[in-house]
Protein chains: 2
Amino acid sequence: MLREDVTDAIRSAVFDELAAVGYGRMSIEGIARRAGVGKAAVYRRWRSKLPLVLDTVSAVAVQGMPAPDTGSLLGDVRLLLEVTARALRHPVASQIIPDLLAEAARNPEIAAALQTALRDTQRGISAAVVRKAVERGELAAGTDADLSLDLIAGPLYWRLAVIRSPLPKGYLDSLAAATVTALKAAGAAR
Amino acid sequence: MLREDVTDAIRSAVFDELAAVGYGRMSIEGIARRAGVGKAAVYRRWRSKLPLVLDTVSAVAVQGMPAPDTGSLLGDVRLLLEVTARALRHPVASQIIPDLLAEAARNPEIAAALQTALRDTQRGISAAVVRKAVERGELAAGTDADLSLDLIAGPLYWRLAVIRSPLPKGYLDSLAAATVTALKAAGAAR
DNA sequence: ACACGACGAGACGGATCCGTTCCGTCGTGT
DNA sequence: ACACGACGGAACGGATCCGTCTCGTCGTGT
């Protein structure tokens with residue numbers, strides 16, 4: 001019977017190691033060292049680095065974020081941006097996510113794992129927000145779901161994970177307002 | 001006298017190696033092998049991996065992109081998106097840029113190099129586009145330059161470098177129209 | 001109370017890379 | 001024409017990691 005506390009220590013060490021050195025440089029030796037664990041304890045659970053990371057990442061993704069439902073498109077977008085910003089501010093997340101996304105361009109299995117862990121979740125939430133706005137008459141019926149996700153998620157991800165600049169006071173409000181306007185324009189354009 | 005063809009072969013190999021394995025796994029041994037060159041030829045030019053990459057990246061960034069000037073905000077944004085999309089479609093670029101950006105979160109020297117190579121350039125172009133639109137009366141005078149860059153660059157980078165989905169026909173047109181609307185809203189909000 | 005087995009530690013042979021040093025060759029500048 | 005030096009190749013000791021395999025210890029289930 002594998003000890004759960006050891007499993008947890010390893011999973012936690014994977015996150016720290018991913019954040020510290022990235023997937024490329026990550027080593028099982030380093031993870032075991034960081035977790036205070038023998039290498040055998042790791043190999044007893046996962047065959048290699050890839051399944052270890054895939055499993056650890058998938059385990060986190062299960063925590064599905066519920067779609068916001070504030071009654072207005074602006075409110076939903078504002079809340080969605082707020083939650084996303086909070087997630088992307090965690091130093092560990094903002095290190096690991098871009099790192100794994102870059103690695104996904106090279107590794108189809110990582111790409112698939114991130115697809116279901118991040119992309120599908122966000123796409124679903126974004127689609128739900130748009131759908132409800134259409135029902136309320138705030139957006140045109142044909143509003144493109146993919147373009148909507150790009151408009152909602154793109155600027156904030158760019159700001160927090162690419163440029164890595166801080167968010168000035170009131171930034172999320174301005175961004176939410178601009179995004180809602182963009183969504184309306186995107187629906188009207190077709 | 002160092003031979004220039006050898007220097008070029010090394011620089012080219014750096015790009016291929018960065019795209020193939022990423023900065024973390026990149027090795028001077030691998031670069032020399034790929035370039036068909038002795039390791040000494042590399043060490044004769046650069047002291048280690050970091051200056052090699054910094055120098056190679058900086059060399060590319062010199063090719064400054066001119067700010068678009070089509071006479072209308074929509075035209076400028078549309079052209080800017082087109083040029084950016086073309087750049088981000090190059091497989092090598094779309095592999096290297098996210099990889100180095102992720103590494104930049106760990107390495108201040110890489111961060112500084114990318115700052116001047118990418119960020120400052122884009123920021124300048126975006127600011128010029130916004131400034132001209134303000135002069136034409138298309139945007140309010142106080143339109144925030146940082147938010148504008150986020151709105152212009154974010155969705156397309158998200159789409160091409162994060163999600164990595166193809167651009168449907170007419171996507172750039174819809175995106176440009178939505179972005180222009182967002183920019184106008186961003187200016188009016190303050 | 002006892003046995004099973006997971007545990008941390010670490011040694012192992014093999015692999016890869018580091019940065020340096022030595023060759024013998026070949027291109028270049030004067 | 002000649003010498004200087006950069007070249008590709010290869011080897012070097014040292015370092016790190018791989019994946020496996022031993023230890024002796026210690027926790028757990030029955």
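Within every chain, numbering begins at 1; the chains are lettered A, B, ... in the order of the sequence lines, protein sequences first and strands thereafter. These numbers come from a predicted model, not from an experiment.
If A:Met1 and B:Met1 are placed on DNA chain C by their nearest nucleotide, the residue sitting closer to the 5' end is A:Met1.
Paired regions of DNA chain C, where each region holds three or more successive Watson-Crick or G-U pairs whose two hydrogen-bonding distances fall under 3.5 Å, are C:1-18 with D:13-30, C:20-30 with D:1-11.
Applying the side chain to side chain donor-acceptor pair (under 3.5 Å) test to A:Glu138 and every residue at least two apart in sequence or in another chain returns A:Arg136.
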Heteroatom pairs (N/O) under 3.5 angstrom, protein to nucleotides 2-4 of chain C:
none

Between the protein and nucleotides 23-26 of chain D, which nitrogen or oxygen pairs are less than 3.5 angstrom apart?
none

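Listed in residue order, the members of residues 2-28 of chain B having a heavy atom less than 4.0 Å from DNA chain C are B:Ser27, B:Ile28. Near DNA chain C, meaning a heavy atom under 4.0 Å away, the residues from residues 32-51 of chain A are A:Gly36, A:Val37, A:Gly38, A:Ala41, A:Arg44, A:Arg45.
The side-chain heavy atoms of A:Pro155 and B:Trp158, taken from C-beta on, include no pair separated by under 4.5 Å. Between A:Leu80 and A:Asp76, the closest side-chain pair of non-hydrogen atoms is not below 4.5 Å.
Within 6.0 Å of the CD atom in A:Glu4, the count of heavy atoms belonging to other residues, nucleotides or ligands does not exceed 12.
Between the side chains of A:Asp150 and B:Tyr171, at least one donor N or O sits under 3.5 Å from an acceptor N or O.
What separates CD of A:Glu29 from P of C:dA15 is a distance of 17 Å, to the nearest Å.
Salt bridge status for A:Arg33 with A:Glu17: absent, with no side-chain N to carboxylate O gap under 4.0 Å. Under 4.0 Å is where a charged nitrogen must lie from a carboxylate oxygen, and between B:Arg78 and B:Glu82 at least one such pair does.
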